[in-house]
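Written out below as C-alpha cells is the structure these notes cover.
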Amino acid sequence: MIKIAVLGYGTVGSGVVEVIEKNRELVNRRATQEMEIKYILDLKDFPGDPYEDKVVHDFNIILEDDEVGIICETMGGTGVAYNFTKSALQRGKSVCTSNKELVARYGPELLETARENNCNYLFEASVGGGIPIIRPLNYSLTAERIESITGILNGTTNYILTKMEREGEDFADALLKAQEKGYAERNPEADVEGYDACRKIAILTSLMTGKNVDSEKIYTEGITGITSADFAYAKKCGYTIKLLARSEMAGSDRVLAMVAPFMVPAEHPIAIVNDVFNAVFVTGNMLGDSMYYGRGAGKLPTASAVVSDVIDCARHQGRVITCFWDKEDMLLADVADVERRFFLRGAQYAKETIINMLDGGRKIELEGRAEDFGYITSPMTERKFDDICNSLGDAILGRIRIL
Ligand code: HSE
C-alpha cells in the first residue's frame, strides 16, 4: 500500500483525486499495489467535499509521515512549491508534478536531489497536459538522435489563432472569447506573450539534448501582433498561422530554440491542430517524423498525466528512473543567423521600394485591400531581413517567419 499526498486542491489537484478514485481498480492494478490518498494540502477548507477530512494546512504533517511515499505537486509557482518539492525529495518521497515553471527552472537540481535520495521526480503533465511526450522522449525515442521538435504547446493561443482564422476575428475579440470560455487567464500575459510555451519548449529541449536549456535565454515572441489581415494573406498562399515552440539542432553542439508565430504550410501535420489542442512534432534521425496530439490543458487530461507518473513511481519504489538532463548549460544558436523565408505585409505607398530591397521573392495581392500588400521573401538570414525591415520603418506593417 502506498499513501499519496496531493499539494494544492485546485483544478489539477482535484482532478488527480478524481482520476485516482474513479479509476481506482485499474490504477491499483497497474501500480501493482493499492494506493490511497492520505492528505490534501491546501490553504482553504472544503466543507462538504467528500475528501474534506483529508485536507491539512501544514506541509510538515505530510513530510513527517513515513507512510507517504508519493507526493503530487499541483500548486504551481516556484516559491513554496520549490521548498516543498525539495524537502520531500530529500526525505526520499517521490514527487509528480504538473508545474512547468518549477520544472523549467529547477529541473536538473530536483532530478539530482531525487537521484541522491533514491526516489523520483516526474513531470509528464508539465508539457502538453495529457499528451504523453515526456515519457516518449525519455523512454521510447532513446535510440534516436532528435533533430528537431516543433510544438503547439499552448492551448489558449491556439484557440485564439483558430478563432481568428475561422471567423476573421481580431486578436482582442478572440482573446475575450478565450477568457469567457475560461481558457485564458484573467491576466493572459504568460499565454499570449509566449512565456508558457517557452517554459515547455525549454523542458523538451533539455530532454532532447540532455543538457540544461535556460528558458530565460530562449527567444520568445507572442501573438499579440498577429492581425486578421495576416490570416487573409496566409490563406491566399496556402498557409495558416500557429504559435510554434521550436527546437532544432544547429550543428553538433548547439540548438536553436525559439517561440514565435510562424506561417505553416496547410499540408503540414501541425497545421490541422486547432482550438485548445496541443501537438508535438518530433523528427528523429532514424524514425523520421512522429507526432503526439491531444488535450494540452484542462483538469482531467492534466491530472491523468500526473497519475500516470504516480503509477510509474509506485512501480519503481526505491529505484531511480533514469532521466538525462544535466545541469550543464546547452549552447543556444542565435536566431539572427538562421536562414529562412519570411512573410511581410507592407504599405502600398512603399511597395516599389520594398520589393526592390527584397528582390527575388513573390508579391501577394488581395482583392479589396488598398492599403497593404503581402510579400514572401526568398531565403535569407533573419539578421539581413531585420536590417531591411528596420530601414523601411513604418512601411512594414507586419512580418511573420515561414516554417
Ligand atoms: N495556459 C496553458 C495553456 C495551460 O493554455 O495551454 C496549460 O499549461
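Each ligand, and each atom within it, is numbered from 1 in the order the structure gives. Hydrogens, waters and symmetry mates are skipped; everything else that's a heavy atom, side chains included, is used. Model, not experiment: these values are computed from the prediction.
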With a 4.0 Å cut-off, would you call [X] and [Y] a salt bridge?
| X | Y | answer |
| --- | --- | --- |
| R345 | D230 | yes |
| D42 | K54 | no |
| D372 | R369 | yes |

Considering the heavy atoms of [X], write down every atom of ligand 1 situated less than 4.0 Å from one of them.
| X | answer |
| --- | --- |
| G155 | 3 (C), 5 (O), 6 (O) |
| K200 | 6 (O), 7 (C), 8 (O) |
| A297 | 4 (C), 7 (C) |
| G296 | 7 (C) |

Residue portion contacting ligand 1 (non-hydrogen atoms closer than 4.0 Å) for V276: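 For V276, there is no contact with ligand 1 at all, from either part.
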Ligand 1 contact on D191 by region, counting heavy-atom pairs under 4.0 Å: side chain
G129 touching ligand 1 at heavy-atom level, < 4.0 angstrom: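 Outside the 4.0 Å threshold, so no.
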Short side-chain to backbone donor-acceptor contact, T156 and D191, under 3.5 Å: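 Here the side-chain-to-backbone pair does not exist.
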Atom CG of D394 with >12 non-hydrogen neighbours under 6.0 angstrom: no
CA sep, side-chain torsions, deciding dist, call: Y9, F46, ring pair (Phe, Tyr, Trp, His ring centres under 6.0 Å): CA-CA 9 Å; Y9 201 36; F46 295 86; 4.8 Å; yes
Y183 N/O under 3.5 Å from ligand 1 N/O: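 No, there is no polar N/O contact under 3.5 Å.
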